[in-house]
Amino acid sequence: MKVSKVLIVGGVAGGASAAARLRRLNEDIEIILFEKGEYISFANCGLPYYIGGEIKSKADLTLQTPKGFGRRFKVDVRTFNEVISINKEEKTVEVINHLTSEKYIESYDLLLLSPGAEPFRPNIEGINLDKVFTLRNIPDTYRIKDYINEKSPKSAVIIGGGFIGVEMAENLVTAGLSVTLIEMQNQVMAPFDYDMACLIHNEMRKNNVSLMLETALEKIEENGNSLKVYTNKGTVDTDMVILAIGVKPESSIAKNAGLSVNQRGAIIVDDNMFTSDAHILAVGDAIEVTDYITKEKVMVPLAGPANKQGRIAADNIAGIKSEYRGTQGSSILKVFNLTAACTGINEKTAKRQNINYEKVFTVPANHASYYPGGQEMYLKLIFNKDTRKVMGAQIVGGDGVDKRCDVIATSIHFNATVDDLTKLELCYAPPYSSAKDPVNMAGYVAENVLNGISRVFHHHDVASLSRDGSVQLIDTRTKGEYMAGHIEGFINIPVDRLREHLSELDKNKKVYIVCQVGLRGHVACRILDNHGFESYNLSGGYALYKEIYK
């Protein structure tokens, strides 16, 4: 197909990336980019940090001006121009210019849709009050920032504990507000499992965010100069509300044009980013994608995938065969002094998919223990027991979390097994890592479990362990560590004295071991197993257990 004219609906990650890539590949194609707002390329992931004051200048939020983008890439950029309908048969779109109210028709050879997603607004009383805000774009950001600067609110309620909700909680605290976050589920950050989300909860509470989990919003009312937020667990008085419940695909023009969409309204595309119409492509937050691991159809509104999809769409338009191989959901979040990152599937997904999986928890330091300033990170690795393949990871900690999650994300992309993690040769110097990197260590622990060298039990198994003497419960930490806090029913036998007490233990009874992070517990289990006992080590140790069951 000879392509002379391409229309792109929507800028930012998907549309702007496609326009720039297409121009770099072909100097002759006419490219028109429509954006219903003022901005075609802005740092939407940085918006909360402008509100909190971390990003000082408005100009820093704008990655490319329409004029500069148009000049550099020879693209006809039409801001404040909204595509309101598509005529597939005629291969035209109808556009309204919001500055003049003029409507006009534009033809195309190929049409690329990148409309994005819009904040979900539940149909409840008070959702459209003036002091109720959403955060999607730069005008939203200015509206919130101006309200804070002009009205000096003392408190805010955030509805929803996803990326925007958690980031806004931190930044509103930084801006000096008292913050309450309301979330319907029992945890924030759905891509993480509950046990790892507990680390995020603890950090938020430590920084004075009030969490109301398993709490449903019912209505919002004006209360003098403030608001009253009604939930199934009572009311909260506040000066402003941020809605961060989630997003839905802004796909009405695709649906109205008869393009195939799924039940949630996401546009269905193939691996080349083409929709059900051979002359229309779609990318970004408005499309349905394939989960890289489970192969199920999902929606993953992230900037990284949208950028890649825009490039792939441009390649195919230019005649270069290019395929999108699916989304892993690799993502990262700053939570006050912690970093939380994840990639691949979580345990909830593994259960739902009936995958024969196992998990291990490790608590390594981010660099050599003898080098000053080390920080612990909590790492959860999920892997397939049949294929040994790595399926997912979640890491929460300080410096170095991003690097380890990126390494595991890369490993997943290339179908690595836990054995492959042990063989990775990663950069080492004392300020940056250990000779056995945390990624290697997670691989070693998982490999030991799969090879039958180690047996593990998990934090959620502890409560069901009998305390009647039918099993043996041992804490192998030092006496001082034990006295500072321990799990009920576990007796203290430090690992370095374990051999002295073997005669006091019964080989006919299973032994459950706990230490601080799992390392001494593994040593204790090897001692016991080599002396004829059947032992189990608490994965993640007392450190993780204490974080979850505070």
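One-based numbering along the sequence shown. These numbers were taken from a predicted model, which means no experiment stands behind them.
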Donor-acceptor under 3.5 Å (Gln375 side chain, Asp399 main chain): yes
Backbone N/O of Lys509 and side chain of Gln472: donor-acceptor pair under 3.5 Å: yes
Asn316 to Lys321 - nearest heavy-atom pair and separation: OD1-CA, 3.8 Å
Derivation and outcome, ring-ring contact (aromatic ring centres under 6.0 Å, His included), residues Tyr545 and Tyr549: CA-CA 6 Å; Tyr545 181 88; Tyr549 299 100; 4.7 Å; yes
Polar contact flag, side-chain donor to acceptor under 3.5 angstrom, Asn202-Glu547: yes
Whether Ser17 side chain and Ala13 backbone form a donor-acceptor pair below 3.5 Å: yes
Under 3.5 Å: donor-acceptor pair, side chain of Thr387, backbone of Lys389: yes
Other residues, nucleotides, ligands: >12 heavy atoms within 6.0 Å of Glu504 CD: yes
Any side-chain donor near an acceptor of the partner, His522 and Ser454, under 3.5 Å: yes
Beyond-backbone contact of Val456 with Tyr536, side-chain heavy atoms, under 4.5 angstrom: no
Salt-bridge contact Arg526-Asp529 (side-chain N to carboxylate O under 4.0 Å): yes
Met391 and Ile355: CA distance, side-chain angles, deciding distance, side chain to side chain contact (heavy atoms under 4.5 Å, CB included) verdict: CA-CA 10 Å; Met391 297 193 300; Ile355 295 170; 3.7 Å; yes
Between Thr349 and Asn346, a side-chain donor and acceptor under 3.5 Å: yes
Non-hydrogen atoms of Val289 and Tyr324 that approach each other most closely: CG1-CE2, 4.2 Å
Heavy-atom donor-acceptor pair, Lys348 side chain to Phe192 backbone, under 3.5 Å: yes
Nearest heavy atoms of Glu288 and Ala266, plus distance in Å: N-CB, 3.7 Å
Side chain to side chain contact (heavy atoms under 4.5 Å, CB included) between Met184 and Thr215, worked out: CA-CA 5 Å; Met184 187 179 294; Thr215 304; over 6 Å; no
His459, His458, Gln187 screened by side chain to side chain contact (heavy atoms under 4.5 Å, CB included) with Asp195, the one that passes: His459
Within-4.5 Å side-chain heavy-atom neighbours: Tyr432 and Pro430: no
Short N-O contact, Glu481 and Arg520, less than 4.0 angstrom: yes
Ser251 side chain to Gly265 backbone, donor-acceptor under 3.5 Å: yes
Pair Arg136 + Glu118: basic N to acidic O under 4.0 Å: no
Thr294 side chain near Ile345 side chain, heavy-atom distance below 4.5 Å: yes
Derivation of the side chain to side chain contact (heavy atoms under 4.5 Å, CB included) call for Val401 and Val396: CA-CA 7 Å; Val401 164; Val396 181; over 6 Å; no
Any donor-acceptor N/O pair, Lys334 side chain to Phe336 backbone, under 3.5 Å: yes
Lys/Arg-Asp/Glu bridge criterion (N-O < 4.0 Å) met for Glu488, Arg467: no
Any donor-acceptor pair under 3.5 Å from Asp271 side chain to Arg325 backbone: no
Test log, rule side chain to side chain contact (heavy atoms under 4.5 Å, CB included), inputs Val390 and Ile408: CA-CA 8 Å; Val390 180; Ile408 296 175; 4.0 Å; yes
Close side-chain approach of Tyr542 to Ile487, heavy-atom, < 4.5 Å: yes
Minimum-distance pair of heavy atoms, taken over all atoms of Ile527 and His531: O-ND1, 2.9 Å
Sub-6.0 Å ring centroid separation between His486 and Tyr482: yes
Separation between CD of Glu534 and CG of Asn508, rounded to the nearest 0.5 Å: 11.0 Å
SB check Arg352 Glu296 (cutoff 4.0 Å): yes
Heavy-atom neighbours of Arg205 CZ exceed 12 at 6.0 Å: yes
Side chain proximity check, Ser411 to Leu421, heavy atoms < 4.5 angstrom: yes
Atom pair CG (Leu333) and CE (Met189), whose distance is rounded to the nearest 0.5 Å: 5.0 Å
Euclidean distance, Thr134 OG1 relative to Ile245 CD1, rounded to 0.5 Å: 10.5 Å
Distance-minimising heavy-atom pair for Ala442 and Val360: O-CG2, 4.2 Å
Backbone of Ala446 reached by a side-chain donor or acceptor of Arg388 within 3.5 Å: no
Under 3.5 Å donor-acceptor, Gln394 side chain and Thr343 backbone: no
Between CD1 on residue Ile474 and CD1 on residue Ile493, distance to nearest 0.5 Å: 4.0 Å
Check against ring-ring contact (aromatic ring centres under 6.0 Å, His included), Tyr512 and Phe457: CA-CA 8 Å; Tyr512 291 87; Phe457 69 109; 5.1 Å; yes
Contact check, side chains of Arg455 and Asn537, non-hydrogen atoms, under 4.5 Å: no
Residues Glu347, Lys359: salt bridge by 4.0 Å N-O rule: yes
Student check: side-chain heavy atoms of Ile159 and Val241 closer than 4.5 Å: yes
Donor-acceptor side-chain pairing of Asp420 and Thr417 below 3.5 angstrom: yes
Minimum heavy-atom distance Ala341-Ile332, with the two atoms named: CB-CG1, 3.8 Å
Atom pair CD (Glu167) and CD (Glu170), whose distance is rounded to the nearest 0.5 Å: 8.0 Å
4.5 Å side-chain heavy-atom contact, Ile491 and Asp475: no
Atom pair CZ (Arg21) and CG (Asn307), whose distance is rounded to the nearest 0.5 Å: 12.5 Å
Crowding at NZ, Lys233 (>12 non-hydrogen neighbours, <6.0 Å): yes
